Amino acid sequence: MTPLIVDVVFDLPVDRAFSYLVPEGLGVARGQRVRAPLHGRLRVGVIVELRRDEATGLQPIREAVEPVPVFSEAMLRTARRAAADSLSSLGSTLAAFSPPPPRRGGAEPAAPPPEVTPGAQATPELWPELWPELWMDAARDERLTDTLGRESGSALLVAPDIGSARRWAERLDAGRLDSGAHDDARRAAWFGAARGRPRLVVGTRSALLAPLPPPATLVLLDEHDAAHKPPGPPRLHSRELLAARAAAEGSRLLLLSATPSVESWGRADGDALRRREPAPGPWPEVVAADTRGILRNHPLTLPLPRAIEDAARGGRRVALIVARDAAALGCDDCGDIFRCGDCGVALALSRAARALTCRLCGRGEPLPDRCPACGGHRLSAVGWGVERVEASLRKRFPRLSVARAGPARARRPASDPAAPVVIGTSALLREVPRGSLGAVGFVALDGLLRQPDFRAGERAFQSLWAAAEAVHPAGRVVVQTLHPDHYAVRAAILQARQEFYGPEIKFRAELGYPPFRRLCIVSVVAGEDAAARALIEACAASLRGIGGIDVYPAARRGAPAARRPRWSLVIKGPAELPRLIDEPLRPLRERRRRRGGMVEVEMDPVALA
DNA sequence: AGCACGCCGACT
DNA sequence: GTCGGCGTGCTC
């Protein structure tokens, strides 16, 4: 009989399987992990195909990593589609969604992944953050039926980061699949979940294809969080992969966020997603303080010190939010931001080059000396950074202790966590318990609105909403801004999400941004600027002429004199964009020369940097 | 991605 | 004469 051959994919950037001979007596299946010699070393790969063929000088597989597959047929299909949609290799995609390999020789129970027969899928749902609390209680009581509307089944929760995964696992007494847990515990949760024990598992991106017996519920926590799509392969948003998975296996999909991505809100306006509106809960007073013409010398308008005093009197803490950097240019008198006339995106300010450039289309302009809207001369980029705000605050409130919130990881525990006033970026608001603050002040919301990214408004709105949720209903949110009438501010004042999403979706539709069109960034790094430029122009040339897509001019990113020059260009296109650009770019992407430059393709970038 | 093989400059 | 730099190409 002709020997049994398997095709195995590895964590390599090459989109090709490698063939091996299966030794007599070794039972193997698709989706199973094996150790096989590659490059003279044993490496872990996933079997994607079995066939009978002549083995002409093929190496044999060394061993199976587990006695059962880690991926079901449905998960393999989902991964294959995901890899194609993100222009990544199947091997690196599967590797990113695999449990850690076992310690050698350690025997452990392992259940195979349940196969599902996709039935009719329920419409995915978009839930406000308020509701998981209800759901969580039901889950703990083994009464999932009440809120989930079906007999208790298994559920997978995908969190944006390890810290969030840990907290949710503790609250739900769920198994942990994320890399913050020990490998043994992760493996126990992975293979246990396949048999429904534990019934609830929590993980991060790496858990997106974890096995669950049907009927399963898939939950994406903090759906809007950019951490659901980190840069680099597999270049895919957890939301999209989870949606594909839910469709493939007929699972119920819940997207959870108090401030959903505009993409999801837009889909919920159609019938691809069902939105559930919460009854409005208690809401603090949100005040817009107009800073036009008055924020030059002091960072605090009248309402802000008053809010700080009230909060201190009430014994509650205050958070002051500053922008880390404002990379764009605005007018201090009328509040106008210099924007690209074609793209609507704030123009990025480069001090070194003394120029404004559009990150999307690459259009460049010299620095203006006056505001085209009002003629004012007071144009500024740097708003109020942490240091300047801290100094002003200490001067104004000498008796109050003021702390700076650093990056969560680097923060020293001793840096006065109980300080009544904390200054930080909007990331600070994620760590604050709901309703626990006396006041939040945005020193200059414009620093957020000026970010040279079409999602600047969305991020500002999400920060404002998070601030209102972090503040006690008797407290106050003070928003100092040159744009007190901005619809993101208005939505926060009125506690009305639609006030933001309505105009924002209109803006996205008019200028062709997600969810109406897909974006892609093609970038090139090379040893020499000329080589990088030549390669990006070659990419542009092979992309031009594809029907239905827009290729923007290539532009140099980053510092002008970077050691490794980087050029990139932005593409806009329809939903099938990855399929359209795959073939034309393939020869350029496969040519992997270091000095001559390497091509990287980032589908659906979550930041335009 | 790793890792080997290959072709040009300074060392025992 | 070789040791070793990186640049290019292959991995069942």
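By convention in this document, chain letters (A, B, ...) are assigned in the order of the sequence lines, proteins followed by strands, and residues within each chain are numbered from 1. These numbers were taken from a predicted model, which means no experiment stands behind them.
Within 6.0 Å of atom CZ in A:Arg589, more than 12 heavy atoms from other residues, nucleotides or ligands are found, so the atom counts as buried in its surroundings. The number of heavy-atom neighbours closer than 6.0 Å to CZ of A:Arg51, taken from other residues, nucleotides and ligands shown, is above 12.
Rounded to whole Å, atom P of C:dC12 lies 19 Å from atom CG of A:Leu4. Residue A:Leu58 contributes atom CG, which lies 6 Å from atom C1' of C:dC12 at whole-angstrom precision. Going from atom CG of A:Asp7 over to atom P of C:dC12 covers 14 Å, rounded to whole Å. Spacing between atom CD1 of A:Ile47 and atom P of C:dC12 amounts to 16 Å, rounded to whole angstrom units. Atom CG in A:Leu38 sits about 12 Å away from atom P in B:dA4, given to the nearest Å. Here C:dC10 presents its P atom at 12 Å from CD of A:Glu590, a figure rounded to the nearest Å. The separation between A:Met598 atom CE and B:dG2 atom C1' is 13 Å, rounded to whole Å.
Of the candidates A:Lys229, A:Glu223, A:His228, A:His228 is the only one forming a side-chain contact (heavy atoms from CB on, under 4.5 Å) with A:Ser238.
Using a 4.5 Å heavy-atom cutoff, the side chains of A:Asp604 and A:His237 are not in contact. Here the side chains of A:Leu208 and A:Leu242 are in contact, with some heavy-atom distance below 4.5 Å.
Between A:Arg41 and B:dC3 there is a side-chain polar atom (N or O) within less than 4.0 angstrom of OP1 or OP2.
To the nearest 0.5 Å, atom CG of residue A:Leu209 and atom CG of residue A:Leu76 are 9.0 Å apart.
Without hydrogens or angle criteria, A:Arg186 side chain to A:Asp178 main chain gives a donor-acceptor distance under 3.5 Å.
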Residue pair A:Ser257, A:Asp222: steps toward the side-chain hydrogen bond (donor to acceptor under 3.5 Å, both in side chains) verdict: CA-CA 5 Å; A:Ser257 175; A:Asp222 291 318; 5.5 Å; no
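Contacts of residues 10-27 of chain A with DNA chain C (heavy atom under 4.0 Å): A:Val14, A:Arg16, A:Phe18, A:Ser19, A:Tyr20.
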What protein N or O atoms touch nucleotides 6-9 of chain C N or O atoms at under 3.5 angstrom, if any, and at what distances?
none

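Taking the charged nitrogens against the carboxylate oxygens, A:Arg455 and A:Glu263 do have a contact shorter than 4.0 Å, which makes a salt bridge.
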